[in-house]
Asks: 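Here it is, the structure, as structure tokens.
These values consider heavy atoms only, across backbone and side chains, with no hydrogens, waters or symmetry-generated copies.
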Amino acid sequence: MKLGFNLLLWTPHVTLAHEPILRALKKTGYGGVEIPMFEGDPEHYARLGELLDKIGLARSVVSVIGPSGKNPLSSDKSHQAAALAYAKWTIDCSAALGAPILGGPMHSELGFFTGSPATAAERKRALSFHRRAGDYAGRKGVTFALEALNRFECYFLNTMEQLNDYLDEVGHPHVQGMYDTFHSNIEEKDPVGAIKTIRPHMVHVHISENDRGTPGKGHVPWAETYKALKKAKYDGFLTIEAFGRAMPALAAATRVWRDFAPNPEEVYKLGFRNMKQGWAKA
């Protein structure tokens with residue numbers, strides 16, 4: 001088990017200027033960081049990867065699909081093509097960064113709704129998208145960790161059962177899934193039990209309090225969660241994902257209207273203690 005932290009708490013675009021934050025996370029004890037990816041090019045991420053190597057931090061990536069015009073579920077072929085091009089861009093940048101995991105809701109447009117449940121036609125288009133994107137990711141040494149989001153952020157994949165069934169159908173070694181404590185706290189009747197459901201495809205885990213603030217200061221059942229992850233023999237990263245208002249468009253899409261902690265230091269210091277002690281006790 002390894003401990004990581006998502007940089008979205010500070011910025012939607014990590015640059016070399018964020019070195020002090022990266023070093024502070026390393027000093028706290030984190031073994032890796034999660035890099036938000038919404039802009040930039042492979043050259044930028046290659047330079048950032050060199051800095052992370054120097055500091056001694058492993059890395060994963062998180063991204064989303066948006067704004068409009070590149071939804072892989074769309075019946076518009078130009079949108080489908082744009083979605084695949086975007087996926088290839090994130091894969092290229094992830095590979096340049098040296099990140100083996102590309103996480104997030106890379107299956108549909110964030111915050112977009114039709115007013116109806118996902119259709120069979122949309123699912124068929126998604127399957128085609130992920131098989132093609134998965135082939136490309138495999139050639140680059142990157143694996144998708146698809147994230148099911150709560151019903152207020154997307155309508156395609158909301159639960160671990162839906163995600164696991166979908167990944168079974170995709171049937172691609174480089175298209176896998178992740179477990180997120182925040183979304184599961186909303187959507188699952190048994191958030192802890194849902195870990196067993198996604199276990200066959202679980203390659204990444206987001207640690208996020210029920211209000212997206214400091215882990216351990218809300219009502220997510222942490223002791224039970226860590227025990228279930230340990231029982232599932234999960235040995236990847238536990239990565240804290242806490243949100244602020246750094247990226248207004250993303251904050252709006254994820255319904256973040258206020259800060260959930262007095263300062264970032266509380267989140268990453270107390271969050272680290274929550275994970276380290278919780279895992280040890282489990």
Side-chain angles (χ1 to χ4, degrees), residues 34 37 60-65 70-74 80 83-84 86-88 90-91 94-95 99-110 112 117-151 153-208 225 228-229 231-239 241:
E34 190 152 272
M37 190 171 284
S60 59
V61 165
V62 67
S63 190
V64 302
I65 296 176
K70 49 181 178 285
N71 189 347
L73 305 187
S74 174
Q80 297 171 28
L84 186 59
Y86 178 74
K88 289 181 176 179
T90 58
I91 292 165
S94 296
I101 295 292
L102 170 54
M106 295 288 288
H107 49 69
S108 56
E109 182 182 330
L110 181 67
F112 172 79
T119 66
E122 287 175 322
R123 188 181 184 91
K124 184 177 180 180
R125 289 190 284 268
L127 289 167
S128 174
F129 165 72
H130 280 124
R131 286 166 182 159
R132 295 170 69 187
D135 285 346
Y136 189 81
R139 292 195 292 271
K140 299 285 184 171
V142 175
T143 296
F144 282 99
L146 299 186
E147 182 176 14
L149 302 187
N150 69 78
R151 79 197 83 157
E153 295 179 32
C154 85
Y155 69 96
F156 184 57
L157 297 171
N158 301 128
T159 70
M160 292 299 98
E161 183 177 11
Q162 289 176 331
L163 178 59
N164 190 72
D165 289 349
Y166 178 73
L167 292 170
D168 281 347
E169 192 170 358
V170 174
H172 199 293
H174 287 273
V175 183
Q176 300 297 322
M178 61 180 291
Y179 176 81
D180 183 293
T181 58
F182 172 80
H183 297 295
S184 294
N185 182 72
I186 295 173
E187 292 296 333
E188 304 291 344
K189 295 185 183 301
D190 179 3
V192 175
I195 291 171
K196 184 177 180 180
T197 301
I198 193 61
R199 176 184 175 184
H201 294 288
M202 184 170 58
V203 297
H204 197 53
V205 171
H206 272 171
I207 297 298
S208 188
T225 297
L229 288 167
K231 186 176 181 180
K233 297 183 179 179
Y234 177 72
D235 64 354
F237 266 98
L238 302 178
T239 297
E241 183 185 51

Asks: Verify the neighbour count for atom CD of E161: are there more than 12 heavy atoms of other residues, nucleotides or ligands below 6.0 Å?
Replies: no

Asks: Test side chain to side chain contact (heavy atoms under 4.5 Å, CB included) on L73 and E109 and set out the steps.
Replies: CA-CA 8 Å; L73 305 187; E109 182 182 330; over 6 Å; no

Asks: Give a yes or no on whether R123 atom CZ has more than 12 heavy-atom contacts from other residues, nucleotides or ligands under 6.0 Å away.
Replies: yes

Asks: Kindly give the heavy-atom pair with the smallest separation between T181 and S208, and that separation in Å.
Replies: OG1-O, 2.6 Å

Asks: Rounded to the nearest 0.5 Å, what separates atom NE2 in H174 from atom CZ in R131?
Replies: 15.5 Å

Asks: Could you tell me whether the side chain of Y179 reaches within less than 4.5 Å of the side chain of P191, counting heavy atoms only?
Replies: yes

Asks: So, for T90 and M106, which heavy atoms are closest and what is the spacing to 0.1 Å?
Replies: OG1-CE, 3.7 Å

Asks: Check C154 against L157 and note the closest heavy-atom contact, atom names and distance.
Replies: SG-O, 3.4 Å

Asks: Can you name the salt bridge (Lys or Arg N to Asp or Glu O under 4.0 Å) partners of K140, sequence neighbours left out?
Replies: D92

Asks: Where is the tightest heavy-atom contact between A228 and I195, given as atom of each residue plus distance?
Replies: CB-CD1, 3.7 Å

Asks: Is there a side-chain contact between T197 and T159, using heavy atoms and a 4.5 Å cut-off?
Replies: no

Asks: Rounded to the nearest 0.5 Å, what separates atom CE in M178 from atom CZ in F144?
Replies: 13.5 Å

Asks: Keeping the roles fixed (side chain from E153, backbone from N150), state whether a donor-acceptor pair exists under 3.5 Å.
Replies: no

Asks: Do the side chain of H201 and the main chain of Q176 share a donor and acceptor less than 3.5 angstrom apart?
Replies: no

Asks: Measuring from D168:CG to L163:CG, what's the distance to the nearest 0.5 Å?
Replies: 9.5 Å

Asks: Please round to the nearest 0.5 Å and tell me the distance separating atom CD of E147 and atom NE2 of H107.
Replies: 7.0 Å

Asks: Are Y166 and H130 linked by a side-chain donor-acceptor pair shorter than 3.5 Å?
Replies: yes

Asks: Can any side-chain N or O of E188 pair as donor or acceptor with the backbone N or O of M160 at less than 3.5 Å?
Replies: yes

Asks: Between S128 and K124, is a side chain to side chain contact (heavy atoms under 4.5 Å, CB included) present by the stated rule, with each step listed?
Replies: CA-CA 6 Å; S128 174; K124 184 177 180 180; over 6 Å; no

Asks: When rounded to the nearest 0.5 angstrom, what distance separates CD1 in I101 from CD in E34?
Replies: 9.5 Å

Asks: I need the minimum non-hydrogen distance between N71 and A83, along with the two atoms involved.
Replies: C-CB, 4.1 Å

Asks: Tell me, do D135 and R139 make a side-chain contact under 4.5 Å, heavy atoms counted?
Replies: yes

Asks: At their closest point, which heavy atom of Y234 faces which heavy atom of V205, and how far apart are they?
Replies: OH-N, 3.3 Å

Asks: Given the rule in the side chain to side chain contact (heavy atoms under 4.5 Å, CB included) test, do R125 and S74 qualify, once you have shown the distances and angles that lead to the verdict?
Replies: CA-CA 8 Å; R125 289 190 284 268; S74 174; 5.7 Å; no

Asks: Begin with the C-alpha distance, continue with both residues' side-chain angles, and end with the deciding distance and a verdict on side chain to side chain contact (heavy atoms under 4.5 Å, CB included) for M202 and N164.
Replies: CA-CA 9 Å; M202 184 170 58; N164 190 72; over 6 Å; no

Asks: Could you check whether any side-chain N or O of Y155 sits under 3.5 Å from a backbone N or O of F112, counting only pairs where one atom can act as donor and the other as acceptor?
Replies: no

Asks: Just verifying a value: how many Å separate H204 NE2 and T143 OG1, rounded to the nearest 0.5 Å?
Replies: 12.0 Å

